[in-house]
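First, the structure itself, so that you have it in front of you.
Chain A is the first sequence line, chain B the second, and so forth, proteins listed ahead of strands; every chain is numbered from 1.
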Number of protein chains: 2
Amino acid sequence: MGLDKEKVENLKTTLEVVCGKWKGIILLELVGRTLRFNELKTELHEASHQTLIKQLKELEADGLIERKAYPVVPPKVEYSLTPYGRELESMLEDMVEWGMRHRSGEKQKEYS
Amino acid sequence: MGLDKEKVENLKTTLEVVCGKWKGIILLELVGRTLRFNELKTELHEASHQTLIKQLKELEADGLIERKAYPVVPPKVEYSLTPYGRELESMLEDMVEWGMRHRSGEKQKEYS
DNA sequence: CGGTATCCAACGTGATACTG
DNA sequence: CAGTATCACGTTGGATACCG
């Protein structure tokens, strides 16, 4: 046998939650602040309206973000991290940092 | 404006590298040890032969793992983390830990 | 034993159009 | 402004069969 099966399952769980095309980025955008739908859409200008909504719904269903709709017209909806989603912050930081090294190093023959 | 564009790009880079269906798990399996192809295949018994090879190739192309082929018959190939891939270890640990909390907490109304 | 080559099904993303 | 519905498309994962 090899690795603890539990660890693998736990990792899978996290990967499933974070690995939507824009999910990680949405979470990063929401670190330390609350954004309206339109603000998110502006930040993620590359993601389509439709896709953005789907990913938000999934993140909400997974308990990572909170959706707060104000009963006004025109509609106003705010998204923020749940306490639960905030527990991902350090991981996101790690990812950003590693990505930075990866991009600057690209062909890191420099390890020799 | 909002978040630093660089941070977003860095995060994207990391997500692309880690978000293959089995990539994260492969990396986790290789933490602290070297495995032959068949051993990996046994560990990841749910992944198909073909898929496993594809993911390994991509991880290799991204510089995360090293492939060492011995010119013997029958063939013997060993996979291990590069120094570069090892820099992901702490992130993987974070993911495992968060996944554990997520699975045990599922409906964490308990935050109140 | 480890890898390649096709081919295909499933899913996720995104475009468009319409609603409250 | 925010969301739903429908459909089209590309990418990915996987099945199968065959090489070194």
Write down the distance between CD (B:E60) and P (C:dG2), rounded to a whole number of angstrom. 15 Å

Ring-plane angle category for A:W98 and B:Y84, please: parallel below 30°, perpendicular beyond 60°, tilted otherwise. tilted

Indicate the atoms forming the closest heavy-atom contact of A:T34 with A:S80, along with that distance.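 What the structure gives for the nearest pair is OG1-CB, 3.5 Å.
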
Report the C-alpha distance between B:E78 and B:Y70 in whole Å, list the side-chain angles of each, state the deciding distance to 0.1 Å, and finish with yes or no for side-chain hydrogen bond (donor to acceptor under 3.5 Å, both in side chains). CA-CA 8 Å; B:E78 288 183 339; B:Y70 297 87; 2.9 Å; yes

Could you tell me how far apart A:L44 (CG) and D:dA2 (P) are, to the nearest whole angstrom? 14 Å

Base, sugar-phosphate, or nothing for A:K41, non-hydrogen atoms under 4.0 angstrom? nothing

Using a cut-off of strictly less than 4.0 Å, decide whether B:R36 has a side-chain nitrogen or oxygen near OP1 or OP2 of C:dG2.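 For B:R36, the contact criterion (side-chain N or O under 4.0 Å from OP1 or OP2 of C:dG2) is met.
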
Figure out the NZ/C1' separation between A:K23 and C:dT13, and round it to whole Å.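 So the NZ-C1' distance, A:K23 to C:dT13, works out to 12 Å.
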
Any residue in residues 72-79 of chain B with a heavy atom nearer than 4.0 angstrom to DNA chain D? Just list them by number, or reply none.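 Contacts with DNA chain D under 4.0 Å: B:P75.
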
From the options C:dT4, C:dC1, D:dA2, select the nucleotide whose nearest atom is closest to the side chain of A:R67.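 Nucleotide nearest to A:R67's side chain: D:dA2.
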
Those residues that, when tested against B:E60, pass side chain to side chain donor-acceptor pair (under 3.5 Å) (two or more places apart):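 B:E60 satisfies side chain to side chain donor-acceptor pair (under 3.5 Å) with no residue once adjacent residues are dropped.
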
What does the B/S/- profile of nucleotides 12-19 of chain D look like, 5' to 3', with a 4.0 Å heavy-atom cutoff to protein? -BBBB---

Taking A:T13 for its side chain and B:G99 for its backbone only, find out whether a donor-acceptor pair lies under 3.5 Å.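 Absent.
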
Between A:E97 and A:R101 (salt bridge meaning N to carboxylate O under 4.0 Å), is one present in this structure? yes

What is the distance, rounded to the nearest whole Å, between atom CG of B:L40 and atom P of C:dG3? 10 Å

In whole Å, what is the span from the NZ atom of A:K57 to the C1' atom of D:dG3?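 Rounding to the nearest Å, NZ of A:K57 and C1' of D:dG3 are 7 Å apart.
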
Before accepting this row, confirm whether a basic side-chain N of the pair A:E39/A:R36 lies closer than 4.0 Å to the acidic partner's carboxylate O. no

Lys/Arg N to Asp/Glu carboxylate O, B:E46 vs A:K12, below 4.0 Å: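 Yes, B:E46 and A:K12 are salt-bridged.
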
Do the side chains of A:K7 and B:E93 get close enough for a salt bridge, i.e. N-O under 4.0 angstrom?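 Answer for the salt bridge query: yes.
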
